[in-house]
Every structure is written in C-alpha cells, then in structure tokens.
Amino acid sequence: MRGKNIIIGISGGIAAYKTPQLVRLLKKRGANVKVILTEGGARFVSELALATVSGETVYRSLFPSTDQGNTDFINHISLGEWADAFVIAPATAHTLAKLSAGLCDDMLTTCFITLRPGKPVLLFPSMDGYMFISPSVQRNISTLAAQGCTIITPDKGELASGQSGVGRMPEPESILATLEKSLKRGSEASPLFGKSVVITAGPTREKIDGVRFISNYSSGKMGFAVARSAARRGANVTLIAGPVHLDTPQGVERCNVESASEMYAEAQRFFKSCDIFIGAAAVSDYRPAEPREGKMKKEMEQIELSLVKNIDILAEFGCQKTPEQLAIGFALETQFGLENARIKLTDKNLDLIAFNYFDRQTSGFEVDTNILTLIQRNGITKELPQLTKDAAAEELIETIERLLPGNRH
Ligand code: C5P
C-alpha cells in the first residue's frame with residue numbers, strides 16, 4: 001500500500017460516518033489518499049474530519065472558486081491520472097445510477113470517467129436491503145461490473161432503516177483488505193498474468209428446423225463474470241459465447257457461436273495452447289439428428305424427434321490436456337448434487353469442479369447470484385455462501401490461481 005495513490009469517494013449514505021476511519025487506515029499504511037465528497041456525502045460526514053485524517057484538501061466541487069488566483073480547473077483530469085485505485089464507500093443507489101449512465105455532474109462522477117484503463121475501481125454499495133435488490137440498482141451494478149468495476153456485495157445485518165438485510169457497508173478494515181487484494185491482483189503479481197484462459201459460456205441452440213431450436217435457460221452471466229475476473233488479473237481471456245444478451249467484458253476476446261458443434265470447433269482451436277480451460281457453458285447434451293430445412297408444417301398430431309448426443313467439449317479437453325494445463329467445469333445438479341459433481345470431476349479428468357446449487361431464485365440459471373461448492377481433484381472442498389455471480393467468480397478464480405503449476409498448495 002506504501003506510496004499508492006488512492007482516491008476515496010464518499011456519496012450520501014449513513015455509512016459515510018465510517019469512511020474517515022478507512023482514510024486513516026490507508027494513511028497509516030503509507031498510501032497517499034485524496035478524498036472526493038459529494039453534496040449528499042457532506043451531509044453525513046464532515047469535510048474537516050476528512051481533510052484532517054487525509055492531510056489534504058477534500059475535493060467537493062467540479063468548478064473551483066476563482067478566488068485568490070485559483071486556476072486549477074482540471075482537477076478531475078489530474079486526479080484520474082494520479083489514481084492507482086478508485087474506491088467509492090459508500091456508493092449510493094443514485095451514484096451507481098450516475099456512474100452506470102456515464103453522467104458527470106459532480107467531481108466524483110467526472111473523475112470516474114477520467115480514470116486510466118486497468119486501474120482497480122471498487123464500489124461498495126450501501127443502502128436499504130430492498131433498494132439493493134431492486135431491478136434498477138441490480139441493472140446498474142451489472143453494467144458497471146461489465147465495464148470492469150468490482151462491486152462488493154454489502155454485508156447482511158441491521159440497517160439504518162430499522163430493517164435487517166443485505167445493505168451494510170463492510171467495516172473499514174475489510175474494505176482495506178479488499179483494496180490491498182485488488183491492487184495486487186491488478187498487477188503482474190497475479191499468477192494468472194499473461195496466462196491464456198479459454199471460457200465457454202451461455203447456452204447452445206440445436207436446430208430442429210429453420211426457425212426452431214432446442215436450448216436451455218442459461219443466461220451466460222456466470223461465465224462472463226469468470227471472464228471479467230480473469231481479465232482483471234491480466235490473463236489473456238477468450239470467451240466462446242453461446243447466444244446471450246451480455247456485453248463483452250473489457251479486455252476479453254469474444255467469439256460468438258450458436259450450436260454445441262460450433263462451440264466445440266472454436267474451443268478445439270485452443271486445446272493445445274491454452275493454460276486453463278473453463279467450461280461454464282450449458283452445452284446441450286443432444287441435438288436433432290436431422291434438422292429440417294425451412295419451417296416444419298403442423299400436419300401430424302404427433303411427431304417424433306430423434307436426437308443424437310453432442311460431443312462433451314470439456315471432457316474432450318480433459319482427455320487431451322497436459323498435466324500443466326487446468327480443466328475446470330461446472331456441475332448444475334438437481335439431485336445427488338455433490339456426489340454427481342465428484343463423479344464428473346473424475347470422469348472428465350478435471351482439476352476443479354464448481355457444483356452449482358439450483359433453485360432458480362438464489363442460484364443457477366438467469367439469476368444474479370449463485371451458491372457454489374468448489375471441489376478440487378485432491379478432495380479439498382469449499383462451500384461458498386450465496387454470492388453475486390461476480391463475487392462467486394472471484395472466489396473461483398482465486399482457487400484456480402492456487403492450482404496453477406508453481407502455486408499448488
Ligand atoms: O455433464 P454435464 O453437462 O453436467 O457437465 C457440465 C460441465 O461440462 C460444464 O462445465 C459444461 O460446460 C461442460 N460440458 C461441455 N460439453 C458438453 C456438455 C457439458 O463442455 N457437451
């Protein structure tokens with residue numbers, strides 16, 4: 001942390017009262033800290049307290065006064081250039097909305113736009129639990145995550161609204177630990193730096209005729225979150241995506257496919273060269289044996305569709321891989337979950353499998369959260385709590401980092 005330039009943004013939530021303590025902790029670690037306070041933030045925490053703990057003028061207005069010959073009109077740009085990391089704690093629903101829309105109507109949001117690419121951006125949403133899970137806030141969070149920001153899920157507990165739920169800003173010590181980790185991760189210190197990572201994501205579509213197909217409910221969100229997390233660590237990520245409605249994560253090479261056969265053809269190109277292959281796609285197990293041309297007519301009362309098995313892409317990679325390459329899979333199970341996941345780990349010759357608990361509300365297809373259990377080849381098993389898919393992806397990638405040759409322990 002010593003010598004690192006950190007911007008701490010504070011927007012208008014009650015948790016702002018904790019942020020001077022974060023500034024103090026950072027200063028103690030030898031970081032240079034500049035604080036940006038929004039109008040709302042200033043209602044909850046004093047500018048004087050922040051100036052005192054940071055030892056710096058607090059940035060408030062985008063338009064500095066011209067008194068006493070002040071001509072520093074480009075603070076928002078110089079701050080963006082100066083920062084090694086940008087943190088907003090607390091980040092209110094309103095600030096998240098402005099950031100996701102690219103609005104620049106105050107010092108904080110304008111500075112966000114001027115940050116240099118690749119620098120860690122950590123946002124700590126803090127608000128009432130129902131506000132946090134509202135579709136608007138979740139949509140803005142997804143947009144910001146797709147841009148490469150790290151969004152830290154708030155803690156669960158008592159909220160200022162008098163209710164209990166998800167919405168509490170983590171304690172300053174925990175924010176400091178997260179920041180330290182992400183500064184390390186953003187640098188060449190990550191064992192994933194420069195590694196070639198191939199990820200399959202989303203569903204596949206298997207044609208029945210010219211206008212119909214067999215598919216599944218996969219949204220691709222988990223695979224895209226994994227791609228984001230690996231790219232943030234400096235990996236060279238190739239994302240082979242089935243038909244999904246998701247933006248390509250920053251710095252990721254994307255290749256769109258439709259059917260399992262197309263996905264296999266693309267994936268195969270990387271089998272020899274990649275360091276890590278992650279099968280996050282929900283690949284259709286079967287495809288119609290003889291897809292028809294044009295649109296089938298509904299002349300018959302009953303038709304029979306003959307299906308043939310698709311190639312198991314991940315198992316193929318598992319079979320061909322060298323001991324230095326890692327094969328990672330997902331196992332979405334509705335019964336005998338852990339047992340089946342362990343069988344797949346062995347059968348497909350994987351190094352790690354993420355057993356995906358499935359209930360369609362908190363975990364599995366389409367939703368924004370997931371409950372994973374990470375099972376390693378050596379039997380080490382880690383049960384994760386319900387997390388956003390981004391947070392679950394971080395946990396998965398951290399485990400993969402430890403499995404890389406030279407880091408195994
Ligand atoms: O056997 P099952 O489909 O449950 O295994 C799931 C894992 O295998 C996932 O990681 C998935 O991406 C991968 N898979 C694959 N090709 C298939 C079927 C599954 O890569 N045809």
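Computed over heavy atoms, backbone and side chain alike; hydrogens, waters and symmetry mates excluded. Remember, it's 1-based here, ligands and their atoms both numbered in the order they're listed. The model shown is predicted, which means the values in this text are computed figures rather than measured ones.
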Atom 16 (N) of ligand 1 [closest protein heavy-atom partner, distance rounded to 0.1 Å]: I313 N, 3.0 Å
Distance-only polar pair, side chains of D285 and N310, donor-acceptor under 3.5 Å: no
Donor-acceptor contact below 3.5 Å, side chain S126 vs main chain P90: no
Evaluation steps, side chain to side chain donor-acceptor pair (under 3.5 Å), between T373 and E383: CA-CA 4 Å; T373 300; E383 265 181 61; 5.1 Å; no
Candidate with minimal heavy-atom separation from atom 11 (C) of ligand 1, of A260, G329, A281: A281
Any M263 heavy atom less than 4.0 Å to ligand 1: no
Within reach of ligand 1, part of I311 (heavy-atom separation under 4.0 Å): backbone
Backbone or side-chain N or O of K344 under 3.5 Å from ligand 1 N or O: yes
Among L332, I353, L314, D347, closest by any non-hydrogen atom to atom 20 (O) of ligand 1: L314
Geometric class of the F277/F271 ring pair [parallel <30°, tilted 30-60°, perpendicular >60°]: perpendicular
Any donor-acceptor N/O pair, T381 side chain to G379 backbone, under 3.5 Å: yes
Residue and atom name of the nearest protein heavy atom (relative to atom 17 (C) of ligand 1), distance in Å to one decimal: V283 CB, 3.4 Å
For atom 14 (N) of ligand 1, closest protein heavy-atom neighbour: D312 OD1, 3.7 Å
Heteroatom distance test (K348, ligand 1): nitrogen or oxygen, under 3.5 angstrom: yes
Close N or O approach (A331, ligand 1; < 3.5 Å): no
Side-chain donor or acceptor of S215 paired with backbone N/O of T204 under 3.5 Å: yes
T143 versus N140, side-chain donor and acceptor atoms under 3.5 Å: no
By side chain to side chain contact (heavy atoms under 4.5 Å, CB included) - contacts of I151 (at least two apart): L123, P125, I141, L144, A145, C149
Which of the ligand 1 atoms, numbered from 1, are nearer than 4.0 Å to a heavy atom of F330: 5 (O), 6 (C), 7 (C), 9 (C), 10 (O)
Element-labelled atoms of ligand 1 that are located less than 4.0 Å from some non-hydrogen atom of G279: 9 (C), 10 (O), 11 (C), 12 (O)
